[in-house]
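In this text the structure is predicted, and so the values were computed from the model without any measurement. First listed ligand is number 1; within each ligand, the first listed atom is number 1.
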Amino acid sequence: MSQDFNVYDVVLKQLDDAADELDLDPQIKLLLKEPVRTLKVSIPVRMDDGSINIFNGIRCQHNDALGPTKGGIRFHPKVDENEVKALAAWMTYKCSLVGIPYGGAKGGVECNPKKLSIGELERLSRGFIQAISPIIGPNKDIPAPDVYTNSQVMSWFMDEFSKIKGVNSPGLVTGKPLVLGGSFGRDSATARGLMYTVREAAKALSIDLKGARVVVQGYGNAGSFSAEFLHELGCKIIAANDSCGGVYNPKGMDPFKLRSHKTDHSTICDYSDSERISNEDLLTLECDILVPAALENQITPEIAKKVNCKLIAEAANGPTTPDADRILTDNGIIVIPDILANAGGVTVSYFEWVQNMYNYYWTKEEVDSKLERIMVEAFNKVYKTHLERNVTMRVAAYIVAIQRLNEAMKARGWVE
Ligand code: GLU
């Protein structure tokens, strides 16, 4: 969502760093540099007043060496091609890192969903799926929720695609409601996965989670559930914000009360038991764990210089710029990178898809324990690589991800 710099350059830089460390075959690097397919569409939507509006949408499929491409669709006033390409590439690395059989994709529709009526939102959702239907499908490319899309939007996507194909197709999208083939635990999966990585990192770094001070930037799905899970581990949520503003209380706030405040008032910025705090002050507040759970490009070098925590767990995709990353490393701050910290979402999406394909459904306990196993294993692989190679956790995560992609592309015969 940044206008001042190209977020796709961030991905290329991250690829470069890991490729250098791995001495990666230049042909593999070339294949990872550009997405395989990007489809741009215009979606005409009849508005409630009878007029027609044209919305721009995009779906980008980055790499499908490991399986059908997978990734969310965001509805946001600012969606640009480079940003969607970057988000698609991050999905490729994320899926590879946690060992699930998917490539990476991402989509976006430029709109302000807060200003659309429910009927307009439904027509836009259906129109977008009609427009991209030739390139998606349960064995091709599987969308999911992302910023400002939810299980209702997924239901319309699934229903529209099923009508187009004449076949009930629950495996087309993940993040559906339970009644349409959704999975237990999908709504809170990103945050649950993040909590497992924080728990493992705390063990490795000897951070005591009892009373650990947590700051959460962004109180949407990932941010709010992260606050709740970390609170359950004994942490204290001392500050949080959303697009309207931030709240701070050094004694800690009850994340469940913050959630119900958000539900009732659609923001947390006027929550009573707290002081107001700006976005910059929130990101640089002295704390133990910082959870950026909003958008890309939030921790810039200027902010990074002032960040005052022990651990950053990236719930959002791409919240830290490469220059900022270097500053954090120099200052001894450990970052659990996005492609690891927030991989719980797509992991439970994979579980949802498997259940759809089998038409046989698992209990919440089964989902949670399978997720825990995958996240702990992924964390340990990355942490081990970080120690063995003396690289940052981000470079380590890319190394683990790229090694698997390299093997798959070679086995397919895409390179010698
Ligand atoms: N939008 C989420 C992400 O960025 C989930 C993607 C998915 O479940 O496919 O990881």
Side-chain angles (χ1 to χ4, degrees), residues 1 7 11 58-64 66-76 79 83-109 132 136-151 153-154 157-158 170-177 181-194 197 218 220-223 225-226 292-296 313-319 336-356 367 371 374-375 378 397 401:
M1 317 271 153
V7 65
V11 180
I58 183 165
R59 181 73 179 169
C60 171
Q61 300 167 346
H62 173 256
N63 180 287
D64 56 2
L66 290 169
T69 50
K70 184 85 189 80
I73 290 173
R74 59 177 55 178
F75 284 179
H76 196 273
V79 170
E83 179 195 28
V84 175
K85 274 170 64 179
L87 291 159
W90 282 323
M91 288 308 302
T92 299
Y93 299 122
K94 196 184 298 186
C95 294
S96 179
L97 171 59
V98 290
I100 56 178
Y102 288 140
K106 203 76 169 202
V109 176
I132 65 166
I136 57 170
N139 288 304
K140 268 180 166 175
D141 178 15
I142 306 133
D146 199 74
V147 177
Y148 297 151
T149 52
N150 55 20
S151 61
V153 173
M154 299 307 118
F157 284 173
M158 191 279 259
L172 169 78
V173 296
T174 57
K176 301 177 295 294
S183 176
F184 281 114
R186 176 60 188 88
D187 52 352
S188 56
T190 306
R192 180 175 284 281
L194 179 133
T197 64
N221 174 288
F225 280 117
S226 294
L295 295 170
E296 303 90 78
E314 295 182 336
N317 291 308
I336 310 176
D338 48 5
I339 60 169
L340 172 61
N342 73 28
V346 73
T347 301
V348 177
S349 276
Y350 165 58
F351 297 160
E352 177 174 336
W353 178 82
V354 170
Q355 293 170 76
N356 295 152
V367 171
L371 174 64
I374 288 184
M375 295 306 297

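For Thr149 and Arg74, the side-chain atoms include no donor-acceptor pair closer than 3.5 Å.
Contact atoms of ligand 1 toward Met91: 3 (C), 4 (O), 6 (C), 10 (O) (distance under 4.0 Å to a heavy atom of the residue). Proximity to Gly71 (heavy-atom distance under 4.0 Å) selects the following atoms of ligand 1: 9 (O). Every atom of ligand 1 is numbered from 1 in the order shown, and the set under 4.0 Å from a heavy atom of Lys106 is 1 (N), 3 (C), 4 (O). Shown in contact with Lys94 at under 4.0 Å from a heavy atom are these atoms of ligand 1, numbered in order with element: 3 (C), 4 (O), 10 (O). Using a 4.0 Å cut-off to heavy atoms of Lys70, the atoms of ligand 1 that qualify are 7 (C), 8 (O), 9 (O).
A side chain to side chain contact (heavy atoms under 4.5 Å, CB included) with Asn317 is found for one member of Ile339, Asp146, Leu295, Val7 and no other, namely Asp146.
Pro177 approaches Ser151 most closely through the heavy-atom pair CD-O, 3.6 Å.
Under the 4.0 angstrom criterion for non-hydrogen atoms, Pro143 is not in contact with ligand 1. Note on ligand 1: Arg74 sits outside its first shell, no heavy atom being nearer than 4.0 Å.
Here the straight-line distance linking atom CG of Asp141 with atom OH of Tyr102 works out to 10.5 Å at 0.5 Å rounding. Atom NZ of Lys140 sits about 10.5 Å away from atom CG of Leu172, to the nearest 0.5 Å.
Aromatic ring orientation, Tyr148 versus His76: parallel (interplanar angle below 30°, classes split at 30° and 60°).
Comparing Pro145, Ala144, Gly193 by heavy-atom distance to atom 2 (C) of ligand 1, the nearest is Pro145. The option with the heavy atom closest to atom 8 (O) of ligand 1, from among Ala105, Cys95, Ser349, is Ser349.
Although no hydrogens or angles enter the test, the distance criterion places a donor-acceptor pair under 3.5 Å between the side chain of Ser96 and the main chain of Ala401.
Among all protein heavy atoms, the one lying closest to atom 1 (N) of ligand 1 is Asp146 OD1, 2.8 Å.
Salt bridge annotation for Glu296-Lys106: absent, with no cationic side-chain nitrogen under 4.0 angstrom from a carboxylate oxygen.
In terms of N/O distances under 3.5 Å, ligand 1 is approached by Arg186.
Here Ala343 has no heavy atoms under 4.0 Å from ligand 1, in either its backbone or its side chain. Neither the backbone nor the side chain of Glu352 has a heavy atom within less than 4.0 Å of ligand 1. Only side-chain heavy atoms of Asn317 come within less than 4.0 Å of ligand 1; its backbone N, CA, C and O stay farther off.
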Would you tabulate the side-chain donor-acceptor contacts of residues 187-194 under 3.5 Å, counting partners in other chains and residues two or more places apart, or write 'none'?
residue: Arg192; atom: NE; partner: Asp368; partner atom: OD1; Å: 3.4
residue: Arg192; atom: NH1; partner: Tyr196; partner atom: OH; Å: 3.2

